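Down below is the structure, laid out as C-alpha cells.
Quick note: numbers below take in every heavy atom, side chains included, and nothing from hydrogens, waters or symmetry partners. In this text, all values refer to a predicted model and were calculated from it rather than measured experimentally. Lettering of chains follows the sequences in order, A, B, ..., and the numbering in each one begins at 1.
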There are 2 protein chains.
Amino acid sequence: MGDRVERATMRDVAALAGVSIKTVSRVVNDEPGVAEPVRVRVQEAVGRLAYRHHLAASNLRRGASRSGLIGALLQDVSNSFSAALLRSLEDAMRARGTAILSASLDEEPDRERALVHDLVTRRVDGLVLMPSTDRQDYLSSEMRAGLPVVLVDREPSGIAADSVTVENTEGARMGAEHLLAQGHRRIAALIDLPGIYTARHRLEGFADAHRSRGIHPDERLTVTGLRGAEAGEQAVTRLLDLDRPPTAIFAGRNDLAQGAARALRRRGLSESVALVGFDDFPLADLLTPPLTVIRQDVVRIGRLTADLLVARLDGDVSPPQRVVVEPTLVVRGSGEIPPPA
Amino acid sequence: MGDRVERATMRDVAALAGVSIKTVSRVVNDEPGVAEPVRVRVQEAVGRLAYRHHLAASNLRRGASRSGLIGALLQDVSNSFSAALLRSLEDAMRARGTAILSASLDEEPDRERALVHDLVTRRVDGLVLMPSTDRQDYLSSEMRAGLPVVLVDREPSGIAADSVTVENTEGARMGAEHLLAQGHRRIAALIDLPGIYTARHRLEGFADAHRSRGIHPDERLTVTGLRGAEAGEQAVTRLLDLDRPPTAIFAGRNDLAQGAARALRRRGLSESVALVGFDDFPLADLLTPPLTVIRQDVVRIGRLTADLLVARLDGDVSPPQRVVVEPTLVVRGSGEIPPPA
DNA sequence: AATGACGTTGACAACGTTGTCATCGGACAC
DNA sequence: GTGTCCGATGACAACGTTGTCAACGTCATT
C-alpha cells in the first residue's frame, strides 16, 4: 500500500488537522491546554500520516545536550566480559529511556580517541570507557564541557574521573599464591600486552606472590604480548616443549585460560598440569577438570558503573570516586592439581 | 584548569576568530574557498574553545535522515550468538562511520515495538532486527517511510523485508537423524517457547527426522518453554528421573545444551547419554566429551546481514531477499555415544 | 579608465522542533 | 453594557548548522 513517502513533519500534521504547528507540538508532547475535539483531530492526522517525533530536532530546540544517549566503549563486545557489562548497562539505562551506543576498541588507542570524538560529536550524555590508552588526558576538555565519564576495568590516568576496577594485583597474587601453596615452583604466566593496565597489574601480582615467598620465577615461563585464545594456546604448547616445562599455569585473561586449556587437552595433560585463570566465564565449570579462576563479578561491576554514571547524569558533582571490587578465588579443580612428586 | 563551561558553538568560534559563522562552517567541514590565514585563525579558535561539531544539528540542516546511526535489536547482547552478531555488524559499519545502537529484546514483543519506536524517533538510517514478535506488520509504515530493515535469525511475517536465517528445520532434522542413525530411540528434545520462530522450526525438524523413519517419539521426552541454561538443566534432571529415561538429548539452543551438559555431568552420565546441541559456542570443543553441535556460522550471518543493510543504505531498492544459511553438523564426540545395548 | 572575472566572505533562510508571548472569544461579575 | 479574566490557539524566534546567493575587493584585460 502506497509508495515510498517522505516522513511527515509537524507542519504536515498541522495542515491536515487544520491547526497550527504549535498545537500539534502540544498534542504530541501531551501538554495541557488543547480542547478535546482538536486533540482528537490532531491525533487522527498523526496516525494517518504516520508522523513520528523527531528527537534530534526536539533536543536541539530544547537546548541542553540531553540526547538520551550514552556511549559505551568496550574492549570487544563479543568477549563475554564486555558483553555482560554492556548488558548490565543496558538494563540500568532502560528505565531512563537512555539508549546505548557501543563500540569495540580492541586495545587500539587511536580508535579510542576517534570513537570518543565521534561520540562527543553525537552529544552523548555520558560515557563508559574501558580505556585502551595509557593516559586519558585528551578527555579533560570534554569533561570540562560537562561530559560525565566512568572508566571501567582500568583506572584513570591523566584525568580525574570515576572508575570501577578490580584489585588486579591482589587477584593475581591470590592466584599465584594458590599454586605456590601447593608446592608448584615452575609456574608459567600468560599475559596480555604489558602496556595494558590490567596485564601490568596481574603480572605484578604474579611476581609479588613469588617474591613474598623468596622465590625467583623462571623468566622463560612468563610470556607476554599474548592476544587472544590462539596465542595462548600456542604459547602453552611451546612452554610444554621446554626441557623443564611448567607444572602449573597462571592465565592472565579468560581467553588465555581457554587457549591454555585447549593446549593441555591436546597434549593429554589436563589432569597433570595445574591451571588457574583470571576472570571467570560461562562454562568454566564444565571443563575437565573444572577451571579454577579468579572471578571478577561482572554483574556487580556493571551495576556499580551504571550507578556512578546515572548519578552524574542526574547532576552529581561530588569528587570522582574510585570504586575497587575485590576478586575472589573460585576453586573448581584445575588449580588444585599438585606438582609431580 | 577552568570551571565547567558550556560547549562552544560556531557562533563563539566565529566571534573569537573575527569571522562569520559561515566561514567557520567552511573551515570545520574542510570546504575550499577560505584564505589560508583565515583558516588558521579559525582553527586556532576551534582549538582554544574546544569546539566540537554538533552532528545532530548538522544532519538536521542537511535535510535527509542520514543520522549515521543504525539500530540493532537483538535477543540478548550478553548471549554469545547476539554478541558475535553485534560485533560483525560493528566491523562492517565502522568503515562507513555508522554507529550502532544496540538493545536486548529478551523475547518480549512489547519491548520490541517500544524500542523500534524509539529508534525511529532517533531517525536511525537502518535497522537490524532479531524479532520477538509473531508478526512485524507494525514495521510497514516505517519501511514505507524509507527505513531499511533486515531481519536476522527469523524470517519476516506480515511484511516484506530482507532476512538472513538458518535452515532451522533442516538443521534440527540433521541433529536428530544423527542420533537416530546410531540407534537411539528415546531422544529427549529441549525446546524454547514454542511461540518462537526458531524453536518451532527446530521442533519440527526433530519430529520430521522421527517421522521419516516411521518412529513415533515419546511426547514426554519433549520439553518446551525452556528459557535459559538453568531451565535446561532442571528439565534434563527431571527427564533422567523417569522410569525409562532418554538415551540421548537434542538441545534446541546453545544455552539449553549447556544446561543439559551440566545436568549430565552432575549425574555422572556425560559419557553415557548422547547430546547434540543446536548452535555452536566458544568452548563447546572443551567439554567432556566435546559437544557435537549443529553450527550456524555467526560470522557469515553477520556479514550477510551487514551486506544487505549496507546495500539498502546505499539506495538499493530491489525486492527483499531471503538469504538462508545452511547449518552444518560438527561431530565432536558427545553426539556419537551409542545407546545402551 | 572602465569592464569583467575571480576568489573571499557574509547575510539570510531553513532543517523540525518548542518556549514565549500575544491574541482571540466567551463567560462572568458588576 | 462594560470590564475582567481565563482557556485555547497561533505567530514568532530560536536551538546549531549549512545551502544559496549577493557583495566585496583585487587584478587583468580592453
Report, as a single string ordered 5' to 3', how protein heavy atoms within less than 4.0 Å touch nucleotides 15-28 of chain D: B base, S sugar-phosphate only, - not at all. BBBBBB--------
In terms of side-chain heavy atoms, does Gln75(B) have a donor or acceptor partner in Ser132(B) at a distance below 3.5 Å? yes
Heavy-atom side-chain proximity of Ile70(B) to Leu313(B) below 4.5 angstrom: yes
If you count every heavy atom of other residues, nucleotides or ligands that lies below 6.0 Å from Arg300(B) atom CZ, does the total exceed 12? no
Taking atom CZ of Arg11(B) as the centre, does the number of heavy atoms from other residues, nucleotides or ligands within less than 6.0 Å exceed 12? no
Taking NZ, NE, NH1 and NH2 as the nitrogens, is one of them in Arg113(B) or Glu108(B) under 4.0 Å from a carboxylate oxygen of the other? no
Is the closest basic N to carboxylate O distance between Asp307(B) and Arg303(B) below 4.0 Å? no
Tell me whether the side-chain N/O atoms of Thr23(A) come closer than 4.0 Å to OP1 or OP2 in dG10(D). yes
To the nearest 0.5 Å, how far apart are CG in Leu16(B) and OH in Tyr51(B)? 14.0 Å
Starting from the first five and the last five pairs of the helix from dA1(C)-dT30(D) to dC30(C)-dG1(D), work out the angle between the resulting helix axes, to 10 degrees. 70°
Glu36(B) atom CD is separated from dG7(C) atom P, nearest whole Å, by 16 Å
So Arg87(A) and Asp106(B), salt bridge (charged side-chain N to carboxylate O under 4.0 Å, His left out) or not? Walk me through it. CA-CA 11 Å; Arg87(A) 181 62 211 250; Asp106(B) 293 333; 2.6 Å; yes
